[in-house]
Visitor: 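Have a look at this one.
Residue numbers begin at 1 in each chain, while the letters A, B, ... track the order of the sequences. What you see below is based on every heavy atom in this structure, not just the backbone, and it leaves out hydrogens, waters and symmetry mates.
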There are 4 protein chains.
Amino acid sequence: MKETVIEVLSRPKLSNPVLIGGLPGMGYVGKLAVEHLVAEIKARKFAELYSPHFPHQAVVEEGGLIRLPRNEFFWARQDGKSLVIWTGDAQSVTPEGHYEIVEKVLDFAEGLRVKQMYTLGGFATGKFSRAQPKVVALGDPELLRGVSSFGASVERRGGPIIGAVGLLVGLGKLRRIPGVCLLGETHGMLVDHRAAEAVLRVVLQVLGLNVSLENLQQRARETEQMIERVQREIVSREEMMKKREEEESWYIG
Amino acid sequence: MKETVIEVLSRPKLSNPVLIGGLPGMGYVGKLAVEHLVAEIKARKFAELYSPHFPHQAVVEEGGLIRLPRNEFFWARQDGKSLVIWTGDAQSVTPEGHYEIVEKVLDFAEGLRVKQMYTLGGFATGKFSRAQPKVVALGDPELLRGVSSFGASVERRGGPIIGAVGLLVGLGKLRRIPGVCLLGETHGMLVDHRAAEAVLRVVLQVLGLNVSLENLQQRARETEQMIERVQREIVSREEMMKKREEEESWYIG
Amino acid sequence: MKETVIEVLSRPKLSNPVLIGGLPGMGYVGKLAVEHLVAEIKARKFAELYSPHFPHQAVVEEGGLIRLPRNEFFWARQDGKSLVIWTGDAQSVTPEGHYEIVEKVLDFAEGLRVKQMYTLGGFATGKFSRAQPKVVALGDPELLRGVSSFGASVERRGGPIIGAVGLLVGLGKLRRIPGVCLLGETHGMLVDHRAAEAVLRVVLQVLGLNVSLENLQQRARETEQMIERVQREIVSREEMMKKREEEESWYIG
Amino acid sequence: MKETVIEVLSRPKLSNPVLIGGLPGMGYVGKLAVEHLVAEIKARKFAELYSPHFPHQAVVEEGGLIRLPRNEFFWARQDGKSLVIWTGDAQSVTPEGHYEIVEKVLDFAEGLRVKQMYTLGGFATGKFSRAQPKVVALGDPELLRGVSSFGASVERRGGPIIGAVGLLVGLGKLRRIPGVCLLGETHGMLVDHRAAEAVLRVVLQVLGLNVSLENLQQRARETEQMIERVQREIVSREEMMKKREEEESWYIG
């Protein structure tokens, strides 16, 4: 694997599909929202993306199985719309890898004749708030008009948007595929089902999709527990690794 | 986008053009000077440069629009001179990327038959001074003679010049395109309109251009405010990111 | 050397060979186990792997000879089984390099018609324990059944497996070569002959190989002493290097 | 410049030449020794090496001229021997770049029919000593016999040799060009003319060259002063840079 590859498992018939993307990031907002959507509308997986720019790790699955880190593409027809959903368990470890992966996703989306793209994520405030999380929208002017009529506020200034969520819209613009980022306000340090619900609600409304948001909180709780468990294992492991690495750097004979 | 690309928007007729470059760096001296020049002489954009070696971020523009980080090329005819102006909002994140980007700029400049190059930047002293900022010149001997007669002092010894400003002149020399770096003395930590004015004044004089420097201070103030605002947002965001990254490094399943 | 290369020294006749791999890592469990196996069954070296993704160092061998860091492949026929053994003194320094090296190993294994793969390593607990070290197995479901009947416990959940040991099984799965990781419980900071013995015992039993484990402890002690000696030399050297590097970063003229 | 290039300035007639290499590193032992040799035997430059893997900097030369960081090749005929001398002001910033550069040097050396290679460097002890600096030799067994009869002690064990000095001998071995590293004992933090003299003396004796070592101490003193001066400039500059970089990482719009 010299470069990012997409393995196509089946070729669904899609009509002017909309791409919705969410990957691990701030508050797991994007990934959580998109995973909920996949489960609720029973979207079917039809492609997998592998990349040498992902971390050099194997992922342990249920039952002791091992696989590479990957991204996945699901499709569904829901309320008259064709949807392509992009999620996964990793982002690139280098800037150049980010560009390569997002370009491959855009090649794939073009082949599927994707007409619009919504990427979901979080923006961190570092504060806990009981108020309804704000959703900020950034991207294509026409799509911005759409989402702003469903409660997303258009951000008129500000810093960069880091990672695939912003790159997809930025690189998509060069190919004239309109896209918009929807970023939910979040503390940043916890899996945030309220921010995920807020961004997902905007997408559902703008696309006219009927999807229950009921189980989202339960899903977030499970994710949080899984992360906490893995984290405990990893912290001690990483301490070991760090010390080991220093030694290994010289132990080569 | 596997490598740096220049998208040409129009093909101006230029006669023995001079390239003037300034990118973000020490005290924003180069970028500020060049942006002022573009505005004052109403230079027109005719090309954009994109690169996978820029940070993997999208840039938020006025009105909530998103775009990739990029470099831009402007052209103008001013006081009988053809000018090509290179600026942008990013430099490469890797050494190899710096070489690739600067080579692409030189390919482009050769195609435009650029005859001379002036790159503008700052050199940091870490001190505030009320004196007129010194301008140091480095590069092609003949161009050095020119700029030294307008107040730039030729630096006869010293350390390396880091980044595109020096690489353009260094790589240009291998192609026999003479160039000179003009570096204005600056504290380094603040947007420095006085250093920008000092380096720009030298370029204007050596090329015989009549351009007002009046609004430069106002422009610097606006840039400073914009940076401060973004910085406040970013600092808290980065704290979140750092903690998140540690966790994300293991959360891949 | 633009990319990883495997230099084949001889072409052994192998019949449905099993690949067993162990490289430097946690507690040197994998490397120690595999080196013991090579010595005990008098496996013969038949290929060497070199890579520009290994550390940019030369390795000093007995007698003052110098060579590049490398991986090695040995073969043997033992108790009716054809074995290919992969070990070495380095892993890649970049994630992309890890992918490249493991793909080359898989190309090579496919050419040899390898039917199964066992990779050996350690998982660090940071604790010393007098109990028999646990062996955790992860990977192909059928191979998992095999190893679990010889005392390896199948890990049903958990974090990522970092490095070549997991990547080989993960990338091998995409090529339909079944593989399993056997990870021995270890403190992580010391060369651990007990964990190496535990993982090796599982492999020997599942493959029906008769190999003495008697000298493993002695081998571990020698490795530990060698590492300690080199470490003493290196620590003072590294302190020097760090200071030097800071200076060298500017001394380029 | 996508990859390392060697620009050949002239084609000297060489008969079974010996390559002697020394680059910036521990105590500047290698670079200082080789630069002294070049000056004393009036070796002539005949090639330059440029690489995108060098630091992304321009080097300021005497008189305010600018050039890229580079390596240089000199040749001479001295006491009946053809010599090729490799030195320069930079090493690669990445491991992969080190491999690429050294392979280009070996391609070049093969084209020149180089028969033997001596690389000079230092090994740091972190201690000052008044004793004659020890010279350690590592590499090809036959060349080791040669240098050991002139006072170099063959190191029979030890850690890795980092950088081009070891890689040239390691990669050269794969091409069957015999080489040896001569490493002079040095404190590591100061330009060390005594270690440079010690390693150079061995090379001169083994090759039967008559070269005065008288001016080496004076040359070392000048290098030290130059480094100190540049260092003072750089330290304050680097402090600025570090703070700036943090800010620039977000200032991209």
Side-chain angles (χ1 to χ4, degrees), chain B residues 24-28 54-55 57 59-61 69 89-92 94-100 102-103 123-126 136-141 144 154-171 173-174 179-181 187-189 226-227 230-231 233-234 237-238, chain D residues 1-5 7 9 48-70 89-94 96-97 100-101 222 225-253:
Chain B
M26 286 293 177
Y28 296 110
F54 287 154
Q57 300 174 345
V59 177
V60 178
E61 287 194 315
D89 38 45
Q91 295 205 25
S92 166
T94 62
E96 285 86 353
H98 267 288
Y99 271 85
E100 183 184 299
V102 171
E103 289 282 26
F123 71 92
T125 59
V136 159
L138 296 152
D140 178 74
L144 284 182
V154 174
E155 185 79 354
R156 305 216 168 270
R157 53 178 212 185
I161 305 170
I162 295 163
V165 71
L167 268 194
L168 188 81
V169 176
L171 280 162
K173 190 182 178 184
L174 294 184
V180 78
C181 302
H187 176 277
M189 294 293 294
M226 186 270 281
I227 291 175
V230 176
Q231 192 172 20
E233 285 178 35
I234 297 289
R237 202 186 290 188
E238 279 196 345
Chain D
M1 198 183 302
K2 295 232 155 177
E3 54 174 34
T4 304
V5 293
E7 299 215 344
L9 309 174
E48 292 176 350
L49 180 152
Y50 294 93
S51 177
H53 306 293
F54 287 154
H56 54 289
Q57 300 174 344
V59 177
V60 178
E61 287 194 316
E62 285 289 303
L65 304 190
I66 278 178
R67 61 169 177 81
L68 296 178
R70 71 185 175 203
D89 39 44
Q91 295 205 23
S92 167
V93 291
T94 63
E96 286 86 353
E100 183 184 300
I101 291 166
E222 287 162 18
Q225 283 163 5
M226 186 270 281
I227 292 175
E228 273 171 22
R229 185 171 45 67
V230 175
Q231 192 173 18
R232 271 196 305 276
E233 285 178 36
I234 296 288
V235 166
S236 66
R237 202 186 291 189
E238 278 196 347
E239 284 166 15
M240 289 299 101
M241 291 290 286
K242 225 168 243 167
K243 293 182 196 156
R244 250 9 253 181
E245 257 171 40
E246 289 165 24
E247 289 171 65
E248 271 164 49
S249 71
W250 50 263
Y251 173 64
I252 64 167

Visitor: Without swapping roles, check the side chain of D:Lys2 against the backbone of B:Glu100 for a donor-acceptor pair under 3.5 Å.
Guide: no

Visitor: Using heavy-atom distances under 4.5 Å, tell me whether B:Leu144 contacts chain D through its side chain, its backbone, both, or neither.
Guide: side chain

Visitor: Please name all residues satisfying ring pair (Phe, Tyr, Trp, His ring centres under 6.0 Å) with D:His56, sequence neighbours left out, ordered by chain then number.
Guide: B:His98

Visitor: Can you tell me which portion of B:Leu168 sits under 4.5 Å from chain D's heavy atoms? Options are side chain, backbone, both or neither.
Guide: neither

Visitor: B:Glu103 side chain to D:Met1 main-chain N or O, any donor-acceptor pair under 3.5 Å?
Guide: yes

Visitor: Measure distances from D:Ser51 to the heavy atoms of chain B and classify the residue's part below 4.5 Å as side chain, backbone, both or neither.
Guide: backbone

Visitor: Which heavy-atom pair separates D:Ala58 from B:Gly166 by the least distance, and what is that distance?
Guide: CB-O, 3.5 Å

Visitor: Restricting to non-hydrogen atoms, name the atom on D:Gln57 and the atom on B:Pro160 that form the minimum distance, rounded to 0.1 Å.
Guide: OE1-CB, 3.4 Å

Visitor: Quick one: are D:Leu65 and B:Pro141 in side-chain contact, heavy atoms under 4.5 Å?
Guide: yes

Visitor: If you measure from CD on B:Glu96 to CD on D:Glu96, what distance do you get to the nearest 0.5 Å?
Guide: 8.5 Å

Visitor: Identify the heavy atoms of B:Pro95 and D:Phe54 that sit nearest to each other, and give their distance.
Guide: CB-O, 4.0 Å

Visitor: Name all residues meeting the side chain to side chain contact (heavy atoms under 4.5 Å, CB included) criterion together with D:Glu222; count only those two or more places apart in sequence or in a different chain, and write none if there are none.
Guide: D:Gln218

Visitor: Just so I understand: if I count every heavy-atom pair under 4.5 Å between each of B:Leu174, B:Val180, B:Asp140 and chain D, which residue has the most?
Guide: B:Leu174

